[in-house]
Every structure is written in structure tokens, then in C-alpha cells.
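Each remark here refers to the structure printed beneath this line.
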Amino acid sequence: MEYISTRGSAPTLDFEGVTLAGLARDGGLYVPSEWPQFTADDIAAMVGLPYAELATRVMSPFVAGSLTEAELHDLCEKAYASFAHQAVTPLVQLDERQWLLELFHGPTLAFKDVALQLLGLLFETFLARRGSNLTIVGATSGDTGSAAINAVAGREGVNIFMLHPEGRVSDVQRRQMTTVRAPNVFNIAIDGSFDDAQAMVKRMFNDPYMNSRYNIGAVNSINWARLMAQVVYYFAAGLQLGAPHRAAAYSVPTGNFGDVFAGHVAARMGLPIEQLIVATNVNDILHRALTSGDYSTGTVTPTVTPSMDIQVSSNFERLLFDVGGRDGGAMAKQMADFEKNRAMQLTNAQREGAAAKFTSGRADQDDTARALRWAYEMCGELLDPHTAVGLHAARESALDTSVPIVTLATAHPGKFRDAVERATGSRPGLPQRVGDLFSREEAFTSLPGEYDAVRSFVAEHAAPAA
Ligand SMILES: *Cc1c(COP(=O)(O)O)cnc(C)c1O
């Protein structure tokens, strides 16, 4: 499989290349040059497969030329063995049409594990082949950091340096990072804010000395391999609900547009999908873009759903490219304008292309609390607030009642206990597998909020590129 950049001028790469590259050299994002196609018979033959087997079937066209089917299967078996549920992503019924797809059975209790557990193994495999080392540098305000650390801990060829703002992440979130004890994991507590930490990471990506000496990589959802791994659970849920003969809709709590873009990919590959509902909180740039074509940034309002508190959604570019005629030159121009003005208007082709499959819904604080209460009081399910945003949008849907709607449950309620308790009066527990989180020993290095201190620390502990 060949991958091309959404901005048209970066070199094409194979799967191994895009996995290690992250962002394309022209500033764009990599997408497959064409979508693999499954027929109804192909999909019918997937019914009842174990998750790792299904994952292999769905992903093998994307990795062709870089991994054999047997190699991919072996990696999927390993990645999903770390999940606490035999079905990996079980589907739970709420009422006659509402369903929950539980994506939080991985080691850090959020859906990001589904993709990152595999990505850690892909890094290790490809780096061993090339005989090179990768230095991952990231900043986190919570969920991404722990999922990334858990994914690469102990993996050969990779070191991870994760910055968090000291004293400004929750105890659970900090402990999920700092109690992972492996020689290749470096937790750094910065004296400063998340934005300070993020600015230092960006500076390092552009630091000529650091880049000449180290192979500096990222693990955010601009990485194609992450999106690819997320396509699988759309198939898993669709098959449970009658694919290829019946279509379902999906409501997706959305931040960076990675998770819901994976649904678009599943539809492109032939999975029958009635609709993709982009669920946002009050930071609703995507809701505005999809309803009026106006994609313009505002300021970020902090909410009880911090993983969706975003100003821009990087992966939206992949959708605009794909539905807007796949014209890299035009996309590069449109994005350059956007970067200058912090605003742009979608083209007619982009609006119509998106409207064919996507709709959107927005939940404010009250909507979110109401959805949490409904699930608890009417269905006996404690949800996390991100999932509740999705459920609100699903329950507001104007779709015919014969279409089942699957809300993606993106985090375990135990990760956001205070917000859940405020809305429902019930305090969720943490699952047994993380029960000793508060007795495990922590390890992190505190550094002043100065770039030079972070740079020297990374330079001292990272492994040269090759
Ligand atoms: C990351 C995250 C999201 C947003 O997912 P995107 O792929 O960025 O749209 C939603 N909910 C939770 C709990 C998350 O951790």
C-alpha cells in the first residue's frame, strides 16, 4: 500500500515509512492512495471472528508490502492480550436502539489504548529492521501521555520523554504515567502549564541539533497507524448488529477527529454505515463546520470532558482532502490560508461530501449531566462524561428509529470520578486491574520550565538515531 500526503508534495511512503514518519514533510497528513474494498461476502465471512483475527483481516490491505498477514496477526494477538475483556471492544445494549461500544478495557482505561498498544509493537518491529532508535517526545494534560507510555514501555529501540505540568494533572492520570517503571520511560514534571510543556515539545521538533542527532517522533493521532487500528472496532460493532445486511449509525465523542475519521474509513471500505455523528462539547468548531461550513477557531473553554477541549482538529484535514476531490495542491493552499487567518470556509464539494455521511451534535454541561443520569437511572450504566456527550448526540438523532445507534464509550467512568459523581450521585470505582495504582511507587524528574533544561535532559538520556 502506498501513502500520499494531503498537501500533495511530500514523497509517497509505504506503511513502514508512514508509521515512523508522523507528519508529512509538506506539513500534510498521510492517507492511503486508495481505499481497500470489501464486498458483502468478504464482510459476511468476518462474522464471529476473534478480535485479533478480525483486526488482521481489516488491516492487512493497509500494511501490504511492509508486514505479512502472519506478522500482522502475531502483533494483533500480542497487542490485544493486554485487554481485560475477551471481546476486546464489547457492545452493550442501553435501550431498544441505543448501544455502547466499550473501548476502555485496555491498560489505561481509554480508547487510545486500542491503537497505541499496537503502535508500540509496530515501532519495535520496524526499528529493529532498520537498526535505528526512536525518541518520542510529548506533552500531555492527561490521557494521551499514559496510553503512549504504557504502549512503549520496555519496547526495544524506543525511548519516551513525556512532559506534564507539575501539580496540574489528576492523581489518577499522573500515577498512570509515573508508576510505569521501565528503563525507556522518562516522565518529566515541568514547572509551568500544559501550554508551556507543549511549546517546549514543538521547539524540540524544530531544533536542528536535536534532529541531526536523534530520530524524534510523535505519538499523537496524526499517525496513520493509530487511525487504521481504530477502523477495526467499527467493523466489530457493525458485525454484531447485522452487517453486511443492516447498517448502523455511530455517535463519536470527538476532539482531534481521529476516532470518527476511522469510521469514515470503515464506510469507504464497504462497511454499511448509515451515519457518523460527530459529538462535541461546547468547544464546537466541528459542529459549526459541519452545519454551516464555517471552520474558524475560537478560544478553548475548559469542560468536564477535557479530551475534547480543542481549538482545531488536525484530522479534519484528512476528511476535507478525501471528500473534496483529493487535490493536494488545493488542500495546501486552503490550509495555508487557515493557518494565517485561523478561519476558512469549506468548499461546496467538501460540504456535500461530508454531509453524505456526517452529522453533528453538541452537548453543554447540562446535556452531559442529563445523559449521565439517564444512562445510570434508566439503564444501570455509569458512563464517563466524554461518552455521555456522545450519548446525548445519539439520543437527539433524527434518524429513523429502526437504525441502531452505537455510541463509542471512549473512557472508563473511573477516570473521571468527580464529574460522574456530581451528575449521578454515584462514585464509580476503578477496575481491579488498576487497583494497586495508589500503592505503586512513582518515578519522575522535576525540571524548571525552561527549554534548555529539558533539552539537556533528553540529550543525556536518549539514544542516537542509528
Ligand atoms: C482522545 C479522546 C477523545 C477524542 O478523540 P479524537 O480521536 O481526538 O477525536 C474522546 N474521548 C476521550 C476519553 C479521549 O481520550
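Counting starts at 1 for both ligands and their atoms, in listed order.
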Flag for T178-N187: side-chain donor and acceptor within less than 3.5 Å: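 No - no donor-acceptor pair under 3.5 Å links their side chains.
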Check: Q93/Q98 side-chain N/O donor and acceptor closer than 3.5 Å: no
Is any N or O atom of [X], backbone or side chain, closer than 3.5 Å to an N or O atom of ligand 1?
X    : value
N256 : yes
G258 : yes
F257 : yes
M308 : no

Nearest protein heavy atom with distance in Å, relative to [atom]:
atom                    : value
atom 5 (O) of ligand 1  : F111 CZ, 3.5 Å
atom 7 (O) of ligand 1  : D259 N, 2.9 Å
atom 4 (C) of ligand 1  : G255 N, 3.5 Å
atom 13 (C) of ligand 1 : T410 OG1, 3.4 Å
atom 15 (O) of ligand 1 : K112 NZ, 2.5 Å
atom 10 (C) of ligand 1 : P253 O, 3.6 Å

Between W224 and F15, ring centroids under 6.0 Å: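 Distance test on ring centres: not under 6.0 Å, no.
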Proximal atoms of ligand 1 relative to T254 (non-hydrogen, under 4.0 Å):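 Checking each atom against T254, I get 9 (O).
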Proximal ligand 1 atoms for A411, defined as those under 4.0 Å from one of its heavy atoms: 13 (C)
Check: T135 main-chain N/O paired with N159 side-chain donor or acceptor under 3.5 Å: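 Absent.
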Salt bridge flag under 4.0 Å for residues R427 and D418: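 Answer for the salt bridge query: yes.
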Lys/Arg N to Asp/Glu carboxylate O, E317 vs R7, below 4.0 Å: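 Judged by the 4.0 Å cut-off on N to carboxylate O distance, E317 and R7 do form a salt bridge.
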Q86 atom CD, neighbour heavy-atom count above 12 within 6.0 Å: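 No, the 6.0 Å shell around CD holds no more than 12 heavy atoms from other groups.
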Face-on cation placement of R342 at F338 ring, 6.0 Å and 45° thresholds: yes
